[in-house]
Structures are given as structure tokens and as C-alpha cells.
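Written out below as C-alpha cells is the structure these notes cover.
A, B, ... follow the sequence lines: proteins, then strands. Residue 1 opens every chain.
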Protein chains: 4
Amino acid sequence: MSPRRRDSESTATARAGRRAELLATAAEVFASRGYSATTVREVADAAGILGGSLYYHFDSKESMVDEILSTFLTDLWASYDRITAAGLGARETFHALIAESFRMIDLYRPAVMIYQNESRHLAANPRFGYLLDSMRRFREMWLSVLDRGVLDGEFRADLDTGLIYRFIRDTVWVAASWYRSDGALSADEIARQYIVMVLEGILET
Amino acid sequence: MSPRRRDSESTATARAGRRAELLATAAEVFASRGYSATTVREVADAAGILGGSLYYHFDSKESMVDEILSTFLTDLWASYDRITAAGLGARETFHALIAESFRMIDLYRPAVMIYQNESRHLAANPRFGYLLDSMRRFREMWLSVLDRGVLDGEFRADLDTGLIYRFIRDTVWVAASWYRSDGALSADEIARQYIVMVLEGILET
Amino acid sequence: MSPRRRDSESTATARAGRRAELLATAAEVFASRGYSATTVREVADAAGILGGSLYYHFDSKESMVDEILSTFLTDLWASYDRITAAGLGARETFHALIAESFRMIDLYRPAVMIYQNESRHLAANPRFGYLLDSMRRFREMWLSVLDRGVLDGEFRADLDTGLIYRFIRDTVWVAASWYRSDGALSADEIARQYIVMVLEGILET
Amino acid sequence: MSPRRRDSESTATARAGRRAELLATAAEVFASRGYSATTVREVADAAGILGGSLYYHFDSKESMVDEILSTFLTDLWASYDRITAAGLGARETFHALIAESFRMIDLYRPAVMIYQNESRHLAANPRFGYLLDSMRRFREMWLSVLDRGVLDGEFRADLDTGLIYRFIRDTVWVAASWYRSDGALSADEIARQYIVMVLEGILET
DNA sequence: GATGAATGAGAATTCATTCAT
DNA sequence: CATGAATGAATTCTCATTCAT
């Protein structure tokens, strides 16, 4: 509680704040221009500073995406884990996961876009091994929900669950590319309609 | 059938063939590594020639993607136009468009991936204005099919057709990223299941 | 006069100064080796930095010549305009323009050489349209002086003024290629003899 | 006179003709675009063949300029030598040399332009040593004429003959850059007026 | 924290030249 | 004679990164 300590605390906080601010800017730019097509200078420009100045905050361009993606994925999996651990039925779990995914898109739109567009390329780098892990976990999680649903007689048995899985995976995340938090439909409404579509189809019955 | 005629035929063919060959290689590499992350040298390596030699055939890296994408889109729209001009009902049109899309993925997998992953960035360049045109046409085409289907009572009226459109658009093309022509499911089988999924949903009834 | 003020002054000066310094170096090299035969690396070497570093200051090799030439021409025309607006007689204007031209050669020798040697080629590029403008203005300016001189009975009427104009234009600027500010004749002395030569001829009378 | 011999003769002639034709084209292009800014492909395009095909006729781009320049200079010096050996007075020699120079411009316009614009750069190459020789001879020839003229009381003694020499040299050759054989003034008329200008000046007397 | 000026590796592109056909 | 396709070195330009101030 000495002045010195308060100082260093507020400095640390300010620093973290600036860092987060810069990461948000970087994420935005990476998402819209593509990671490898984006120059460090473009990120800096968007942040209103000079290219070199970014290196006071980050080691490298790579460490920026790294932090953007790992922050997002950490939060994502905390949420997913909470849902899958809740002991819900297949259909309810399905519901909850989809809804949560759209909430994540709402929260981390740029990060989701980067995840969606750049994962394949980045994953070649050992540093981004966790991306592969995440994709694997994602697959297992969904297959487990779908397979259980088929077993329970809730989901159709005449469709390839592997295909359904890809179908869900792709459509959910790709929504990040057109979703606008200020658009006509809220994240929750999109999730609701999306769930209806996937569960019941678009045919009039 | 005289030797002379065979000669001039085979040269003409070789000429066009070499170009197509190089474009196929380039498309493959662009698709797998990402356009801007791919170096011209990588394309050349994959083609078994030196970097500079590509410039005998193409003006620039950009003109390579340009040709890859415009060739694909020209063929795609020729097919789509044939279908929409056939005077089918909404549901049959839906069917035919989806099936054709998967056939296109089968035929132009790398081009589709590039279209899917790089369109946004490339479209910033006036040279690629046709990408925006294509996206616009795509949207109009699908909305027209969906709206007609809703009017005809074939498609549900309680879902946002704009949302359905995006849903379809994204899932169809994204399949290019995992589709293997030598995989377990054929393009037609994928299309069939995909259509069932979208039309009837994944719920057991 | 506080240290702070001196600092910021000297930084601002250094900034503009560095650019001007590099341009002076580039002009020197372009003038002596020829613009298109000069490599960016040669300019950088002459400036004591690496090739890539030049691009921190300039967009391209082209923009370097551009700046060199436009700076020179801006100054040149300011001077010429001052003279032609002074309301002098044809012969006095003639005098003043020639003298000023030699002063410009003294001041901008490399730029003049580049102007002289590369204008034709560069002018094909729309970016250098001002070179054509300048040549046109130059022609009009001289023809107007010469024609007025003929009318006033000061210049001979039996010579083609178009020919005289070219004669003057070429000889004046071409002097840049051999003029040395440390040579035996000063710019003013050269101008003086030059004027005598053109006005009175080289014949003993 | 055997058919074989006639054949080889006419082939040789045709070959030489084609060679001269290509050189004329090359000279034109080098003159208008500048030697180092001109690509071999541009020359070939202008000749209606492909880049590589030029190498059937010439060893290199360099050997093309070489042949262009040396052909011109050989002819030029043959003429100059004839004149200086004729034992004329200073003024008559002056007359004859200028007239001959304009005739050369008429005959070898592109070569003269190349000589004028590229000599300095090319001369750095030992292969083009003859360019320096030519320049040196040129200087000596003119200084000798001028000095003799001053001694004989024909030319003014109050002007620096070195300056007059440069003045003549530059204005004469530079005319190649604007001279058109189909222009309003013939080579002879230009020479005539030029001689008057230089000898008597442009002042009305 | 940020700036201005560089570095240096590597990217895209150019171009003279070669060569089998 | 000419072509088509390459080579490979050089060139222009880009960009992540560094660092003294």
C-alpha cells in the first residue's frame, strides 16, 4: 500500500490495458486482411503508432496472433468444458454448445475469424500445436455428442456423423465472417434459428 | 493424321497444356499454403522449374490467381445459369444447385478453396471486382430460390431467408477444405446427405 | 535557445536534411551512370546504407527521380517567371534567361543532367507528365522572346526562330554535362561568353 | 558462278541484309528508349520476331550497339578525314565539317542519338574504347580548326576556343534528337542556318 | 512508451541469354 | 531462321525486426 506499490500496480494495469488494446486492434486487422497479408506496419497504423513501437509490447508478429488465439481458445474451452460437464442429454448439450459458440463469436469475432482462416497454416509451426489439439478436442466433443444422440434415438441414424460434425463446425465458425453485433439479428436469435435449421431442416412440414 | 498435322496439333496442345498444368500446380499450392503465404518460388518448385521461368507464362503471381479464379467462376456460372434457366420448382432448383456445387468442388477443389479463403482480401483490388459481382449474384440467386420456396409453401416461413442463404453458402463451399475425391464418401453421396440434412434436419422424427 | 528547443529544431532539420542528403546522392549517381543503368543498391552504397533502407525514405527508385526533377523544375520556373514578368526588352530578357540558366546548372548540375538525358524516356510515364509541360512552356517562353526580338528589330529575321530556340535550349542544358564548379571558367564567365557567341557569332569582324 | 556458289552468295547477301535490317530496328529502339532501358525483347518485338531469335544474328545486346556505333563512326571519320585532308582554310573547313555533320545526322540519326546519349556510360567498358578515341579525335580536330581560325584572324580571339568547341560539339549532335528527315527544314538548310548562327550570331546588325 | 532510421533476409519480378526442336 | 521454354543472375521492393535516442 506504499505509494511505490500503488504506482507499480497502476503502471502494470495500464500496461496490461494497452497491451489488450493493441491486441484487439491487431486482431481486427489480421481478421480483415488475413494474417500473412497483414504487415506489422498496418497493425501499428491502425493503433496510431509506428511499426517499431509495437516491439516494445510484443516479441513478434507471431506472438501477437499467438496471444489472440490462445486467449480466445482458453475462454472457449472453459465454456465448452462447463457445458459438457453439466450432464445434459445429447440434444440439450447440442443446444448449449451451439448457443455458446455464437456467444463466443459475438465476444471474439476477430479471433474466431483468424482461427477459422489461419489455423491450417499456423498449425504447421510447433508453437501453435495447441491449435491442432483444439481441433482434435473439438472433433471428439462433437462426435461424442452426435453419437450419443444417435444412440439415444434423438438424432437420425441415416446420416454420417462425421459429415454432420463438419457441417456444424464449418457453419458455426464461418458465421464470424458476416456477423455484426449491430446487425438485424442478435447472436441469440441467430443461434436459435440456426439450431432449428440444423435440427428440423428448412422444409415446411 | 499426317505427321505434320499431328505435330502442329500436339504443339498447340502442349502450349495450352503447359499453361493449364502450371495453373493447376499453382492452384494446389495456393490452396494448401494460402495465397499470400505462398511464394512464387514454391509454386515454381512444385512445377519443377525455376522461379523466374513462371514469368514466361504469367505476368505476375496475381495474374495466376486471377486466371485460376476466373476460369472456375466462368464455369460455375455457366452451370448455375443452366440450372436456374431450366424452369424447375424451388425445391428441385435447390437440389440441382447443391448437387452442382459439390460437383464443382470435385472438379475445382483448389480453386474453390482459394475462392473461399482469399476472396475477401483479393476483392479489395479492383482487378478482382468480378469476385464481388459473383458474390452478389450468388446471393441473389439463392435468395430468389429460397423466397420462391417460402411463397410456394415448400420452405418454412419462420426462418430468416438471409440466414439460410448464408448457412448454405458457407457450408457448401467450405466442404472444399476437407473433401478428398478419394475419400470414403463420393461427391454425390455428400451432396445427397447434405441436402437431406438441410431440408429435413438431423432430428429423428 | 534552451537545449530542448535546440533539440527539436535539430531533429526536424535532420529529418528534412536526411531526405535532401539522400536525394543529392541519388541525383549524383543517376546523373553519372544514367537513371536506368543505376541500381538502387548503387545509390544506397553511395549513401552508405543498405539498399532496402532507401525505401524507408522513398517509395521507389522512380519517386526519387521524380522528386529530384520536380524540385529542380519548380525552382527553375520560379526564376524564369520572375524574369519574364519583369517587363524587360527582348535582348535583356534573353540575357537574363541565359544567365539564370547557367546559375541553375551551377546549383542543380545533377538534376539538369538527368533532365537532359532522361526526360524523353521518363515522359512516357504519365507520372512525369510535368516534364512535357515544362518542355512546352520552355518552348513557348523562348519563342516569345525570340519572336519579340525579331519584331523589335533586335534579332535577325533571316533565321528560323524555331531553329534558334532548339539551338539555345540544347546548348544551354548540355553544358551541365561538362560544367565543373571548380573548373577554369565560372558559371558567370561561361554565361557571358556564351551570350556573346550566340548574339554576335564567333567571326572576327 | 556454279549454282552452289550463286546460292551461297545470295544467302550471304540475304543474311547481311537481314542483319542490317535488324540493326536498323535495334538502333531505332535504342535511340528512342535508351540503350539500357531497352530490353532485347523490345528490339525483337519491333523486328517482329521473338527475343531469343535475335541471338541467331548477334552475340549479345552489347554487340548490337557496338556494331551500330562502330559502323557510324567508321563512316563519320572517313568523311571528316577527307575534309581535313583537303587543305582548306579554317573557315571553309568549319563550313564543310558542320555541313557533313548534319548530313551524317540525316543518314545515321538513331546511331547519332545513341552515340550522344550512351557514349559516356558505354565507354566505361573496354570494348567501347574506340568511343573515347573518337571523342578525343573530335576534340583535337575542332580545336585545331578553331585555333587556326583564330591565328588567321578569321575567328574572334576573345572567346575560349575550348568553350566554342563544346558549344559546337553539343549543338551539332543534339540536333539528332529533334531532326526529322521529313521536317520543314532539310539537313542542308539546317546546316546553313546553323553555320550563320554560329559565325555571325543572331543579332541584327 | 514511442520515434526515426536503419538492417538484412527474402520476396516478386526482370531480363539477357541458351538451347532443343 | 525462328520458336517456345527455360535458366539464373541481378534488380527492385517488402517487411519483420532492432536499436539509439
Across all strands shown, which nucleotide pairs with F:dT11 by Watson-Crick or G-U wobble geometry, both distances under 3.5 Å? E:dA12

Can you tell me the Watson-Crick or wobble partner of F:dA20, both distances under 3.5 angstrom? E:dT3

Could you give the [atom1]-to-[atom2] distance, from [X] to [N], as a whole number of Å?
X: A:Phe58; N: E:dA2; atom1: CZ; atom2: C1'; answer: 14 Å
X: B:Met64; N: E:dA11; atom1: CE; atom2: C1'; answer: 13 Å
X: B:Leu54; N: F:dG8; atom1: CG; atom2: P; answer: 15 Å
X: A:Asp45; N: E:dA2; atom1: CG; atom2: C1'; answer: 14 Å
X: C:Glu42; N: F:dC13; atom1: CD; atom2: C1'; answer: 16 Å

Output yes when a side-chain donor or acceptor of C:Glu67 lies under 3.5 Å from a complementary backbone atom of C:Met64, and no otherwise. no

B:Lys61 to B:Tyr35, cation-pi by 6.0 Å centre distance and 45° axis angle: yes

Less than 4.0 angstrom between a side-chain N/O of B:Arg19 and OP1 or OP2 of F:dA5, yes or no? no

Side-chain N or O of B:His57 less than 4.0 angstrom from OP1 or OP2 on F:dG4? no

Tell me what B:Ile49 touches on the nucleic acid: a base, only sugar-phosphate, or nothing, going by heavy atoms under 4.0 Å. sugar-phosphate

Nearest heavy-atom neighbours spanning D:Gly34 and D:Glu118: CA-OE2, 3.4 Å

A:Ser134 and A:Tyr115 have their tightest heavy-atom pair at OG-OH, 3.4 Å

Quick check on A:Arg41: does its CZ atom have over 12 non-hydrogen neighbours (other residues, nucleotides or ligands) under 6.0 Å away? no

Is it true that atom CZ of A:Arg18 has more than 12 heavy atoms of other residues, nucleotides or ligands lying nearer than 6.0 Å? yes

C1'-based separation of E:dG1 from F:dT21 [nearest Å]: 13 Å

Would you mind building the protein contact string for nucleotides 16-21 of chain F? One character per nucleotide, 5' to 3', B for base within reach (heavy atoms under 4.0 Å), S for sugar-phosphate only, - for untouched. SBB---

DNA chain F: B:Leu50 or D:Gly48, which has the more 5' nearest nucleotide? D:Gly48

Ring geometry between C:Tyr108 and C:Phe72 (parallel below 30°, tilted from 30 to 60°, perpendicular above 60°): tilted

Picking from E:dG1, F:dA5, F:dA2, the nucleotide nearest the side-chain atoms of A:Tyr56 would be E:dG1

